[in-house]
Novice: 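This is the structure I have questions about; it appears just below.
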Amino acid sequence: MDWLGIGVLIIGIAFAILVIFLLKPIKKLATVLESLQQTTDRLPEVLDSVTNQTSTVLQTSNTTLGNVNEQVNEISPLFHIVGDAGKAAESLTSAALDKTTTLKQQTVDANEFVKLKKYEGIYGLLSFLFFLSQKRKEISETILEPKSN
């Protein structure tokens with residue numbers, strides 16, 4: 001044999017060893033590809049199942065949202081009533097605060113009047129009461145005037 005034949009024989013033996021060496025990984029790759037094929041074959045069924053379940057969940061959530069919207073519409077007037085009651089309570093407390101502030105000012109004014117005139121005892125008490133009644137008349141007249149307009 002000549003050198004060319006020997007070289008081809010060595011290459012053939014190396015190729016045969018390489019094929020034998022790569023035979024096991026190629027078989028594993030074949031089983032992986034076969035498993036992948038089975039998975040992809042089942043994929044349309046799984047997708048259909050997931051799509052059906054998603055559709056059911058969306059329908060249920062739409063129904064639930066509809067119920068919630070109805071309940072909110074039913075409760076909405078109650079919130080308006082509570083808001084109106086809060087506004088009324090605010091105006092009532094504001095009026096009470098105004099009257100309390102006015103009464104306090106009257107008391108301070110009467111106290112200053114008594115101190116200024118140096119009234120004492122029963123005479124001071126009587127003059128204090130007279131002063132408060134005069135102030136009350138003035139305030140009631142000023143309060144009644146805006147209401148009549």
Novice: Nearest 0.5 Å please: distance from the CG atom of L22 over to the CZ atom of F15.
Specialist: 9.0 Å
Novice: For Q37, enumerate each residue passing the side-chain hydrogen bond (donor to acceptor under 3.5 Å, both in side chains) test, keeping only those at least two apart in sequence or located in another chain.
Specialist: D41
Novice: May I ask you to decide if A96's main-chain N or O and T100's side chain share a donor-acceptor pair within less than 3.5 Å?
Specialist: yes
Novice: To the nearest 0.5 Å, what is the distance between CG (L23) and CG (L18)?
Specialist: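 Going from the CG atom of L23 to the CG atom of L18 covers 11.0 Å.
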Novice: Can you measure from CD (E34) to OG1 (T39) and round to the nearest 0.5 angstrom?
Specialist: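 Going from CD on E34 over to OG1 on T39, the span is 10.5 Å.
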Novice: Could you tell me whether the side chain of S61 and the main chain of V57 form a donor-acceptor pair under 3.5 Å?
Specialist: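 Present.
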Novice: If we ignore hydrogens and angles and just use 3.5 Å, is the side chain of T60 paired with the main-chain N or O of T56 as donor and acceptor?
Specialist: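 Yes, because the side chain of T60 sits within donor-acceptor range (under 3.5 Å) of the backbone of T56.
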Novice: Measure the spacing between CD1 of I26 and CG of L33 and express it to the nearest 0.5 Å.
Specialist: 11.5 Å
Novice: Has the side chain of T63 got a donor or acceptor atom that lies under 3.5 Å from a matching backbone atom of Q59?
Specialist: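 Yes; at least one donor-acceptor contact below 3.5 Å.
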Novice: Side-chain donor-acceptor contacts of residues 66-87 below 3.5 Å, not counting sequence neighbours, with atom names and distances?
Specialist:
| from | atom 1 | to | atom 2 | distance (Å) |
| --- | --- | --- | --- | --- |
| N69 | ND2 | L65 | O | 3.4 |
| N73 | ND2 | N69 | O | 3.3 |

Novice: Could you give the distance from CG (L4) to CG (L9), rounded to the nearest 0.5 Å?
Specialist: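 If I round to the nearest 0.5 Å, the distance is 11.5 Å.
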